[in-house]
Amino acid sequence: MPDPVYGVMAQATRLPYSQLDQLPDRDPEETAEWRESLDAVTKAAGSHRAAYLMRRALEHNGAPGLAPLETDYVNTIPTSAEPAFPGDEAMEARITAWNRWNAAAMVTRGSRFGVGGHIATFASAAWLYETGFQHFFRGKEGDGSGDQLYIQGHASPGIYARAFLDGRLTEDHLDHFRQESGGKGLPSYPHPRRLPWLWEFPTVSMGLGPLSAIYQARFNRYLQGRGIKDTANSHVWAFLGDGEMDEPESTAALALAGREGLDNLTFVINCNLQRLDGPVRANFKIVQELEAQFRAAGWNVVKSLWGSAWDELFQLDTTGALVRRLRQVPDAQFQTYATRDVAYIREHFFGAEPALVEMAKVLTDAKIAECFHTSRGGHEARKVYAAYKAAVGFKGAPTVILAQTVKGYTLGPGFESKNANHQMKKLSGKEFRAMRDLLDLPIPDAKLDEDLVPYGHPGADSPEVRYLQERRAALGGPAPARRLHASAALPQPEERAFKALYKGSGKQEMATTMAFVRLVKDLMRDKETGRRWVPIVPDEARTFGMESLFPSAGIYSPKGQTYEPVDRDQLMYYKEATDGQILNEGITEAGAMADFIAAATSYATHGEPMIPFYIFYSMFGWQRTADQMWQLADQLGKGFIVGATAGRTTLTGEGLQHADGHSHLIASTNPASLNYDPAFAYEIAVIVKDGLRRMYGETPEDVFYYLTVYNEPKQQPAMPEGVEEGILKGLYRFKEAADATSETPRTQLLASGTAIHWALEAQRLLAEDWDVAADVWSATSWGELRRDALECDAARLEGEDRIPYVTRALAGAPGPVVAVSDWMRAVPDQIAPWVEQDWTSIGTDGFGLSDTRDAARRHFGVDPQSVVVQTLAALARRGEVKPETVKEARQRYGL
């Protein structure tokens with residue numbers, strides 16, 4: 001059994017020593033008296049009484065840090081302390097009943113098409129949402145921000161039902177739940193890209209909602225600190241399942257929220273004790289576990305576990321036996337109580353000790369059934385209201401509300417607390433009748449005899465609808481809602497920031513990573529848009545040459561700088577400030593990506609367009625957080641994601657796990673991502689300039705950019721004339737072969753990123769050693785070339801005569817095409833079907849390794865000499881050079 005004092009988190013044995021032994025005890029006699037008093041209480045009344053007295057003393061003292069991590073398995077707010085309920089409870093019960101009915105009807109009606117849906121989640125959480133919608137959730141009318149609502153994905157039918165009741169959706173909409181291909185359907189879950197006027201935040205990829213909610217609340221403070229938007233009245237609400245808290249992302253940033261005192265954030269965890277397949281903590285107690293976890297991270301915890309029917313039982317608990325028993329019973333057993341008859345409960349719960357047996361004697365069967373089957377804190381509007389009121393009124397820390405419910409509540413015994421209820425997609429006619437009677441809805445039996453259960457609506461001018469709409473008007477308009485603002489378009493920055501990279505670096509060497517940072521640093525000085533840039537980096541800013549931004553832009557901290565930095569006497573010292581512009585997140589790519597999403601969608605969330613750029617080791621971006629990239633795309637985010645120290649051979653001293661040869665392949669799977677692998681500084685300038693136009697101009701597009709940049713210093717050439725179109729479309733001829741005759745064998749070398757330098761050296765070797773003429777092309781984007789080609793293929797099926805850009809660009813170019821990059825071959829191979837010439841690709845397939853750049857490139861067969869041999873082999877297959885030439889070249893270069 002868990003220790004009744006310390007609960008499930010307690011150690012199994014007492015240690016023979018104390019941490020306090022190393023500290024002086026100024027009054028050992030007083031200490032001994034306290035010990036003797038506790039021993040006496042424990043002996044006379046049990047350890048539970050001793051724990052009760054200690055907690056009373058700690059609560060009386062009120063000193064921070066003295067409260068235990070776990071409290072008893074009872075409500076935080078006693079019934080006597082609940083605030084007066086400000087609404088019409090009966091009216092709100094009728095509104096909730098209609099929404100319960102229509103959510104179940106929508107999923108049941110859709111099940112005839114096999115599209116699925118979830119009923120039990122909203123059934124358990126209905127009051128958690130309805131109480132918020134009626135009394136707390138602020139809409140966007142007024143300051144344009146309102147509250148931010150992270151709706152639990154599986155509860156979406158209930159949100160659609162509410163939108164139907166208030167007139168934002170029709171029956172036809174509901175009948176197209178999960179049927180989107182016709183253009184008027186409702187997405188299965190919160191998907192802003194599919195329903196952009198309703199949903200703000202995609203949440204059903206579990207774990208991303210709580211992580212993003214924390215960083216959204218933090219970003220709201222960031223906007224406030226920087227003087228961009230007054231977000232003092234915006235509150236972030238995240239609705240989560242207790243099973244969802246298993247995801248590591250769900251708890252990854254709890255300490256950040258506690259550390260920064262984000263009292264503009266509330267987690268509402270629906271503790272129905274069930275995962276998708278069974279109990280969350282079958283042999284333990286998830287509520288107690290979460291309470292300890294959140295308290296340890298510095299959160300305020302409010303438990304709303306029991307409905308008012310339990311008040312009588314707690315008043316009878318003069319010995320503490322009931323509270324002690326509630327803490328002992330594991331979750332799976334309590335779920336069993338919720339489905340078994342009263343005789344079973346009397347025997348197995350109350351029969352555990354004599355004091356409970358005596359208590360049960362004065363309880364009626366009806367009272368026991370009500371308490372154990374349905375009476376939960378999350379099912380009573382007054383208790384939910386009290387919890388929410390306590391949350392928004394608490395200052396100095398975020399709040400988590402642990403609300404206990406019954407999964408499948410009001411859906412009948414076939415659903416309630418059943419392990420399989422997450423997979424159950426429909427109710428029978430008999431179950432709908434029982435639900436109708438329980439909810440007291442005016443739906444006649446004749447309607448229920450039809451093939452399809454009807455939707456229910458009291459009428460557009462009914463008291464229920466008027467009440468609902470009046471409450472939403474008082475709170476600032478409908479919710480959830482996503483809105484675009486006229487201020488979303490940004491003026492284009494001045495040209496001089498880009499011209500610096502157009503000119504090249506002369507004889508000076510500069511890595512493209514540094515070129516990008518230099519460009520952004522100049523853009524951050526722009527008088528119109530400079531303040532809207534949001535630099536985001538997961539700790540290694542110095543690796544990417546960003547330390548020069550520290551003193552000028554500052555690192556955001558809600559506390560400012562409370563210490564003297566060790567490098568204060570240096571020019572580029574570590575400066576933190578409440579209005580700092582840089583988000584330096586520490587070693588958390590997931591946290592940095594959540595930052596990026598909040599900034600990338602600020603144009604809609606707050607009506608304040610921001611320009612985030614998130615720079616990271618390219619290996620640890622897409623590979624580690626690709627799910628969040630999809631979340632970003634769903635949320636219609638905009639900005640620049642930058643994979644620095646890119647490629648499989650440019651950071652080889654770091655070894656296998658730092659060697660990225662595939663992020664462009666992963667990135668190519670995301671339809672909203674425009675992926676570029678620029679070779680030169682001027683290409684970066686052209687891409688960023690056009691990206692600002694496309695994402696933030698007069699007709700903004702819902703896309704974001706992924707750029708890979710390299711840490712290999714090279715001389716940066718000046719931009720040739722007329723290459724801008726090719727840079728943006730993905731391919732242009734950078735350097736044509738010199739002095740080629742008609743008899744000279746010809747070839748085309750396509751290269752991206754740092755591989756352009758291998759191709760240029762191979763061009764020289766081919767000409768000097770083998771009398772082969774090669775044109776070198778810069779392939780700035782394999783992905784954009786493929787995107788264009790696919791669009792052309794689709795257009796041709798519609799009768800249009802469209803030729804892909806890559807086909808037109810290479811049209812008439814003599815000889816075979818050899819593509820080389822610092823990526824695996826599948827990256828350039830994306831465009832092979834639309835290249836009319838013979839195609840060969842070489843790349844860095846396989847695991848990375850530690851060595852010099854030259855050795856690594858020789859290992860993968862992408863160094864200039866290997867490019868030469870591959871090119872000669874392609875020409876030999878065409879009969880344009882002798883086959884023995886390939887062998888001779890291999891021998892000459894030691895391959």
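All of these numbers come straight from a predicted model, not from anything done at the bench.
- Qualifying salt bridge (Lys or Arg N to Asp or Glu O under 4.0 Å) partners for Glu370, counting only residues two or more places apart in sequence or in other chains: none.
- Between Lys383 and Ser308 the shortest side-chain heavy-atom distance falls below 4.5 Å.
- Remark: Asp39 CG to Ser47 OG distance equals 12.0 Å, nearest 0.5 Å.
- Under the 4.5 Å side-chain criterion, counting only non-hydrogen atoms from C-beta, Val406 is not in contact with Ser124.
- Phe219 pairs by the ring-ring contact (aromatic ring centres under 6.0 Å, His included) definition with Tyr222, not counting sequence neighbours.
- Evaluation of the ring-ring contact (aromatic ring centres under 6.0 Å, His included) rule for Trp127 yields no partner, not counting sequence neighbours.
- A 4.5 Å side-chain heavy-atom check between Leu290 and Val400 finds every atom pair outside the cut-off.
- If you check the side chains of Gln288 and Lys303, you find a donor sitting under 3.5 Å from an acceptor.
- Listed by chain and residue number, His348 satisfy the ring-ring contact (aromatic ring centres under 6.0 Å, His included) test with Tyr344 (two or more places apart in sequence, or in another chain).
- Checking each of Leu262, Leu265, Thr578 against Arg221 for a side-chain contact (heavy atoms from CB on, under 4.5 Å) leaves exactly one that passes, namely Leu262.
- The aromatic ring centroids of Trp237 and Tyr150 lie 6.0 Å or more from each other.
- A distance of 6.0 Å or more separates the ring centres of Phe550 and Tyr573.
- In this structure, Phe294 and Ile269 have side chains that are in contact, with non-hydrogen atoms separated by less than 4.5 Å.
- Partners of Tyr385 by ring-ring contact (aromatic ring centres under 6.0 Å, His included), not counting sequence neighbours, listed by chain and number: Phe85, His135, Phe136.
- Judged purely by atom type and a 3.5 angstrom limit, Ser250 uses its side chain to pair as donor or acceptor with the backbone of Glu244.
- The closest side-chain heavy-atom distance from Leu313 to Cys371 is below 4.5 Å.
- In summary, of the residues considered (Thr266, Asp147, Asp263), a side chain to side chain donor-acceptor pair (under 3.5 Å) with His235 occurs for Thr266 alone.
- For the residue pair Thr71 and Glu291, a side-chain donor N or O sits within less than 3.5 Å of a side-chain acceptor on the partner.
- Between Tyr337 and Phe334, the angle of the ring planes goes over 60°, which puts this pair in the perpendicular group of the 30/60° scheme.
- Counting heavy atoms from C-beta on, the side chains of Leu402 and Phe267 never come closer than 4.5 Å.
- In this structure, the separation between CG on Asn270 and CG on Leu273 is 9.0 Å, given to the nearest 0.5 Å.
- When atom types are taken as modelled, the side chain of Gln224 and the backbone of Ala232 share a donor-acceptor pair closer than 3.5 angstrom.
- Side-chain atoms of Thr131 never come within 3.5 Å of backbone atoms of Leu128 as a donor-acceptor pair (strictly under, hydrogens ignored).
- Within the cation-pi definition used here (under 6.0 Å to the ring centroid, within 45° of the axis), Arg325 qualifies as a partner of Phe349.
- A distance-only check finds a donor-acceptor pair linking the side chain of Asp567 to the backbone of Tyr574 [under 3.5 Å].
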Please tabulate, one pair per line, all N/O donor-acceptor pairs under 3.5 Å involving side-chain atoms of residues 204-217, not counting sequence neighbours.
from, atom 1, to, atom 2, distance (Å)
Ser205, OG, Asp627, OD1, 3.2
Ser205, OG, Asp627, OD2, 2.5
Ser212, OG, Leu208, O, 3.0
Ser212, OG, Gln631, NE2, 2.7
Gln216, NE2, Asn220, OD1, 3.0

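- Distance check: Arg340 CZ to Arg346 CZ gives 15.5 Å after rounding to the nearest 0.5 Å.
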Apply ring-ring contact (aromatic ring centres under 6.0 Å, His included) to Phe350 and Phe372, showing your working.
CA-CA 12 Å; Phe350 290 99; Phe372 283 82; 5.8 Å; yes
